Amino acid sequence: MKKILKIIMALMCCIALVGCGEVSTQNKFKNVSNLYETEELSIENLGDIEFQIPKIFKDDTSENREWIYYYYNDLLFAESCKEENNFTNESFSGNSDSYINGMIQNNDGKILNVEIIELEIGKAIKSSIEETVNEKRYILHSIAFIYNKNIYNIGFMNEKTSNVDYSKDFEKLIQTITIKDDYANEKIEIETETVEVKTEEEKTKENKPTSSTTIGQRNALRSAKNYLSMMAFSYSGLVEQLEFEQYSHDDAVYAADNCGADWNKQAAKSAKNYLEMMPFSREELISQLEFEGFSHEEAVYGAEANGY
């Protein structure tokens with residue numbers, strides 16, 4: 001869990017590191033905010049989905065890469081949609097603990113609530129956490145999910161000391177999340193067929209004899225493939241991650257040996273992820289990949305695959 005979803009965690013950190021410095025400390029409302037009933041609403045389009053937000057949010061906005069920020073009194077509202085072909089919604093929502101623990105790990109965070117909810121797009125991770133940003137405590141309400149090979153993050157954030165509670169507004173926002181009409185019918189049919197095919201494949205695999213392997217090896221292998229479907233790992237990094245999940249060293253090694261990963265390609269994916277987050281020189285990037293457990297040759301391959 002300590003390494004999973006590094007990209008998503010970094011993106012969620014952008015809410016704090018980029019947005020919070022511009023939020024006003026003035027309060028217009030007290031106690032429970034009810035903007036979805038008192039203000040005019042506007043339809044917001046994001047990737048293949050849409051939802052409604054109070055129109056007044058659009059009076060003060062800014063953008064940073066895939067993130068869009070809206071500032072309203074002491075509230076920061078942020079949304080993002082980022083393409084990511086390695087994730088599935090099932091594997092993402094199935095690792096909600098890893099996702100949330102990663103969010104709070106570096107900001108003295110505290111989990112207030114986490115649950116998996118069902119939306120029209122499928123499962124989503126809904127959470128409320130308390131964290132420290134620039135020596136102040138903030139409350140972050142967020143929802144994250146995968147749809148049509150995109151990662152979506154939507155969040156409300158304001159200071160803990162604020163006398164305004166925006167949780168009701170956030171619940172109202174979640175209720176408005178839907179698939180765009182242009183995509184709804186076609187996407188739902190395609191995704192339903194895909195799930196059915198995968199289910200049959202899984203059933204076939206489950207029926208195959210497994211007497212030559214132990215249950216620990218089989219579960220470690222499943223975990224390894226699940227992790228690799230979401231992000232890049234080096235061989236040693238994957239073994240370490242599985243050991244962190246309490247698999248034995250032998251089971252973790254078995255999983256890494258039999259997961260079918262191309263470690264050069266994993267290094268290239270990891271390098272790409274790092275370069276999307278921040279600039280690296282060639283030597284810094286190679287050094288970072290080696291720190292993640294890639295061999296020097298794999299790290300060089302990863303850097304060169306991304307233009308260095």
Side-chain angles (χ1 to χ4, degrees), residues 1-13 82 84-106 125 144 146 149 151 198 201-202 205-206 208 210 212-278 280 284-306:
M1 286 189 280
K2 60 181 178 180
K3 291 184 178 179
I4 199 68
L5 302 179
K6 288 183 288 187
I7 302 174
I8 301 292
M9 288 181 256
L11 291 176
M12 290 304 293
C13 286
K82 177 180 173 62
E84 178 53 64
N85 295 318
N86 295 323
F87 289 85
T88 66
N89 201 27
E90 287 296 323
S91 58
F92 176 62
S93 60
N95 282 278
S96 59
D97 289 345
S98 301
Y99 170 70
I100 298 300
N101 286 336
M103 289 174 61
I104 67 174
Q105 196 171 43
N106 299 319
I125 302 174
I146 309 294
K149 297 184 178 181
I151 299 171
K198 288 183 178 179
E201 290 178 353
E202 289 171 358
K205 291 178 180 178
E206 289 174 357
K208 289 183 178 180
T210 56
S212 61
T213 58
T214 67
I215 187 171
Q217 289 173 330
R218 293 195 297 273
N219 286 336
L221 181 57
R222 288 177 60 190
S223 291
K225 290 181 177 180
N226 198 27
Y227 283 130
L228 291 169
S229 73
M230 292 186 290
M231 61 178 292
F233 278 91
S234 66
Y235 178 92
S236 62
L238 183 58
V239 171
E240 181 184 349
Q241 178 64 38
L242 292 171
E243 289 178 335
F244 183 81
E245 297 291 346
Q246 303 302 308
Y247 288 106
S248 70
H249 177 72
D250 289 343
D251 289 345
V253 169
Y254 172 86
D257 286 340
N258 291 276
C259 65
D262 182 321
W263 304 113
N264 280 334
K265 290 182 179 179
Q266 291 295 309
K269 288 180 182 179
S270 185
K272 181 176 181 292
N273 293 338
Y274 278 122
L275 290 170
E276 287 179 347
M277 288 188 287
M278 64 185 72
F280 281 85
E284 284 177 329
L285 182 58
I286 290 174
S287 177
Q288 180 62 38
L289 292 172
E290 290 177 338
F291 180 79
E292 290 293 328
F294 291 103
S295 69
H296 179 71
E297 291 74 16
E298 291 165 350
V300 169
Y301 178 94
E304 291 180 347
N306 286 276

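Everything numeric here is computed off the predicted structure, so don't read it as measured data. FYI, the numbering just counts along the sequence from 1.
Every residue meeting the side-chain hydrogen bond (donor to acceptor under 3.5 Å, both in side chains) condition with Glu298, not counting sequence neighbours, appears here in chain and number order: Ser295. For Ser248, the side-chain hydrogen bond (donor to acceptor under 3.5 Å, both in side chains) partners two or more places apart in sequence, or in a different chain, are Asp251. When the salt bridge (Lys or Arg N to Asp or Glu O under 4.0 Å) test is applied to Glu304, the partners found at least two apart in sequence or on another chain are Arg282. Applying the side-chain hydrogen bond (donor to acceptor under 3.5 Å, both in side chains) criterion to Asp257, with sequence neighbours excluded, gives Tyr235. With sequence neighbours excluded, the residues that form a side-chain hydrogen bond (donor to acceptor under 3.5 Å, both in side chains) with Tyr247 are Ser223. Checked against salt bridge (Lys or Arg N to Asp or Glu O under 4.0 Å), Lys272 has the following partners two or more places apart in sequence or in another chain: Glu276.
Lys225 places none of its side-chain heavy atoms less than 4.5 Å from the side chain of Leu228. Considering only heavy atoms from C-beta on, His296 comes within 4.5 Å of Val300 through its side chain. Lys269 places none of its side-chain heavy atoms less than 4.5 Å from the side chain of Tyr274. Val239 is listed as a side-chain neighbour of His249, based on a closest heavy-atom distance under 4.5 Å.
Taking each heavy atom of Cys259 and Leu238 in turn, the nearest pair found is SG-CD2, 4.1 Å. Nearest heavy-atom pair across Ala303 and Ile286 is CB-CG1, 3.9 Å. Across all non-hydrogen atoms, the minimal contact from Ala255 to Ala224 is CB-CB, 3.9 Å.
Taken from CD in Glu290 to CD in Glu297, the straight-line distance is 8.5 Å, to the nearest 0.5 Å. Distance check: Phe233 CZ to Trp263 CH2 gives 9.5 Å after rounding to the nearest 0.5 Å. Asn273 CG to Glu292 CD: the interatomic distance, rounded to the nearest 0.5 Å, is 10.5 Å. How far CD of Gln288 is from CG of Leu285: 8.0 Å, rounded to the nearest 0.5 Å. Rounding to the nearest 0.5 Å places CD of Glu245 at 3.0 Å from OH of Tyr227. One finds the CG atom of Asn264 at 10.0 Å from the CD atom of Gln266 (value rounded to the nearest 0.5 Å).
One N or O on the side chain of Asn306 and one on the backbone of Ala268 form a donor-acceptor pair closer than 3.5 Å. The main-chain N or O of Arg218 is never found under 3.5 Å from a side-chain atom of Thr213 such that the two would form a donor-acceptor pair.
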